[in-house]
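Residue numbers begin at 1 in each chain, while the letters A, B, ... track the order of the sequences. For the numbers below, each heavy atom of this structure counts, side chains included, while hydrogens, waters and symmetry mates do not.
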There are 2 protein chains.
Amino acid sequence: MSNYEPLQMTRSRRAILRELSSAEHHPTADEVYQRVRRTIPRISLATVYRNLDILTRHGMIRTLADADGQRRYDATLEDHCHVRCEVCGRVDDVHVVPLEAVERSITDASGYSISGYSLSFAGVCPRCAGGGRRGAEDAS
Amino acid sequence: MSNYEPLQMTRSRRAILRELSSAEHHPTADEVYQRVRRTIPRISLATVYRNLDILTRHGMIRTLADADGQRRYDATLEDHCHVRCEVCGRVDDVHVVPLEAVERSITDASGYSISGYSLSFAGVCPRCAGGGRRGAEDAS
DNA sequence: CTGGTAATAGGAATCGTTACTAATACCTGA
DNA sequence: TCAGGTATTAGTAACGATTCCTATTACCAG
Ligand SMILES: [Mn+2]
Ligand SMILES: [Mn+2]
Ligand SMILES: [Zn+2]
Ligand SMILES: [Zn+2]
């Protein structure tokens, strides 16, 4: 899952990718925009969104679902865990392996006080993988 | 993390909770709205949103972050895994324990074709747990 | 009942994200 | 180096999910 059509490495694209790679804490699209603007003042927010999406589809970055409204982006490709602070919303990486009694180690490793975890897989369901190209609305 | 101020069990609130408990696949706010309308035709979508939020803050239901725009709600309180179809967006529960080589079992148990997982914990970071009541914007 | 507080309906307002379009950047081949 | 053709962009309008606002209504205790 990391190729599509070829893609040019434009100035905007490179700047966005570089900014994201050097960012320490999973910036939102707007945060990436603000930072890239220091290099390319006339860049458009729409360009940032479009490229974050394209880079994600090409498997060059990851888009994270935030419990709050906005998405966050991550230049780290390997699967890893995240801790999101329920107060300020910041998202940090956590480097621990499985779960079970992981909450304990997560607490130790990150200093966060954990109240719960959320593990979700992404994939294609049988309904969509099989026959029809479009997923059933609410088939059961 | 499951109490706040007291809360009345109004007709709307009860209907929303009941509808969510009997729903099989993590409905969106609008889906809950559509279903509750069959019982309370004049209920407002804002009321549904407000109550889903209140019930979540009271630990009576869970709010799920969807990679797509909209949130989904879950009446199952215990931590468990979810599989989201990248095509139709539906979210199913998965009953397996840890991860490691879990992708395999997830695939078998759900029939989904898994392309990756996302495990994130929720909690309060040291910065927010300690001193200030407000989380630092971007302190590092 | 009656007064006081919590909750609601309805609709406007927000805000993150997308869509659209004319203008540019970029690439490739002559 | 230059022209032609395609990909990308800036700027802005449009969208849709969620939240806010406020007059009205439901609910509860006394
Ligand atoms: Mn990360
Ligand atoms: Mn669930
Ligand atoms: Zn925090
Ligand atoms: Zn599907």
Side-chain angles (χ1 to χ4, degrees), chain A residues 3-20 26-58 60-74 84 89-91 137, chain B residues 3-20 26-58 60-73 84 89-91:
Chain A
N3 53 20
Y4 244 62
E5 340 113 48
L7 110 164
Q8 305 181 13
M9 247 315 160
T10 63
R11 194 157 109 85
S12 304
R13 211 157 279 174
R14 186 166 21 249
I16 290 170
L17 192 52
R18 174 163 41 71
E19 213 50 72
L20 189 57
H26 311 92
T28 60
D30 192 67
E31 285 167 352
V32 171
Y33 173 55
Q34 298 303 339
R35 295 181 193 180
V36 172
R37 276 217 298 176
R38 299 199 295 240
T39 307
I40 309 174
R42 301 185 56 71
I43 197 172
S44 155
L45 175 57
T47 296
V48 172
Y49 269 108
R50 178 162 29 74
N51 282 307
L52 286 171
D53 182 48
I54 289 173
L55 291 171
T56 297
R57 295 208 313 275
H58 280 258
M60 302 176 74
I61 66 172
R62 291 218 171 190
T63 298
L64 309 180
D66 200 324
D68 316 25
Q70 51 201 344
R71 295 172 193 164
R72 288 176 176 279
Y73 300 87
D74 193 340
R84 182 179 62 79
R90 96 189 256 146
V91 175
E137 283 297 56
Chain B
N3 53 19
Y4 244 62
E5 340 113 47
L7 111 165
Q8 302 181 17
M9 246 315 159
T10 63
R11 194 157 110 84
S12 304
R13 211 156 280 173
R14 187 168 18 249
I16 290 169
L17 193 52
R18 174 163 40 72
E19 213 49 73
L20 191 56
H26 311 91
T28 60
D30 191 66
E31 285 166 353
V32 171
Y33 172 55
Q34 298 303 340
R35 294 182 192 179
V36 173
R37 279 222 290 181
R38 300 199 295 241
T39 307
I40 309 174
R42 303 184 55 70
I43 196 172
S44 155
L45 175 57
T47 296
V48 173
Y49 269 108
R50 179 165 25 76
N51 281 307
L52 286 171
D53 182 49
I54 290 174
L55 290 171
T56 297
R57 295 208 313 275
H58 280 258
M60 302 176 73
I61 66 173
R62 291 216 171 194
T63 298
L64 309 180
D66 200 325
D68 315 24
Q70 50 200 346
R71 295 174 192 162
R72 289 175 174 280
Y73 299 87
R84 182 178 62 80
R90 99 189 252 143
V91 175

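When each of dC27(D), dC27(C), dG16(C) is scored by its nearest atom to the side-chain atoms of Q8(A), the top-ranked nucleotide is dC27(C). Distance from the side chain of Q70(A) is smallest for dG16(C) among the nucleotides dA7(C), dA17(D), dG16(C). Nearest nucleotide to the side chain of R13(A), out of dT18(D), dT17(C), dT8(D): dT8(D). Comparing dT9(D), dC26(C), dC27(D) by their nearest atom to the side chain of N51(A) picks out dT9(D). For Y49(B), whose side chain is taken as the heavy atoms from C-beta onward, the closest listed nucleotide among dG10(C), dA17(D), dA7(C) is dA17(D). Across dA10(D), dT9(D), dA7(C), the shortest atom-to-atom separation from the side chain of R42(A) is found for dA10(D). Taking the side chain of T10(B) as heavy atoms from C-beta on, and the options dG11(C), dT17(C), dA7(C), the nearest nucleotide is dA7(C).
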* Does the pair L17(A) and M9(A) meet the rule for a side-chain contact (heavy atoms from CB on, under 4.5 Å), with working shown? -> CA-CA 10 Å; L17(A) 192 52; M9(A) 247 315 160; 3.7 Å; yes
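Checking side-chain atoms of R13(B) against main-chain N and O of Q8(B) turns up a donor-acceptor pair under 3.5 Å.
Positionally, the nearest nucleotide of DNA chain D for P41(A) lies more toward the 5' end than for the other of D53(B) and P41(A). With DNA chain D read from its 5' end, the first of the two nearest nucleotides for L45(B) and I40(A) is the one closest to I40(A). Across the interface with DNA chain C, nearest-nucleotide mapping of R11(B) and A46(B) shows R11(B) to be the residue nearer the 5′ end.
Between R35(A) atom CZ and I40(A) atom CD1 the span is 15.0 Å, to the nearest 0.5 Å. Separation of atoms CZ (R71(B)) and OG1 (T28(B)) is listed at 12.0 Å; rounding is to 0.5 Å.
What separates CD1 of I43(B) from P of dA9(C) is a distance of 5 Å, to the nearest Å. Note: CD (E31(A)) to P (dT17(C)) measures 11 Å, nearest angstrom. The CG atom of D30(B) sits 18 Å away from the P atom of dC15(D) (whole-angstrom rounding). If you take CE of M9(A) and P of dT9(D), they are 10 Å apart, rounded to a whole angstrom. Between Y33(A) atom OH and dT9(D) atom P the separation is 14 Å, expressed in whole Å. Here dA25(C) presents its P atom at 15 Å from CZ of R14(A), a figure rounded to the nearest Å. Distance CG (L7(A)) to P (dC27(C)): 11 Å, rounded to an integer number of Å. Distance CZ (R57(B)) to P (dA7(C)): 10 Å, rounded to an integer number of Å.
Counting any heavy atom pair closer than 4.0 Å across all strands shown, R50(A) reaches a base atom. T28(A) comes within 4.0 angstrom of no nucleic acid atom, judged by non-hydrogen atoms across all strands.
A donor and an acceptor atom, one from each side chain of T47(A) and S12(A), are nowhere located under 3.5 Å apart.
Residues V32(A) and I16(A) have side chains in contact (heavy-atom distance under 4.5 Å, counting atoms from C-beta outward).
Close to dA10(D), at under 4.0 Å from its OP1 or OP2, lies a side-chain N or O of T47(A). OP1 or OP2 of dT9(D) sits under 4.0 Å from a side-chain N or O of S12(A).
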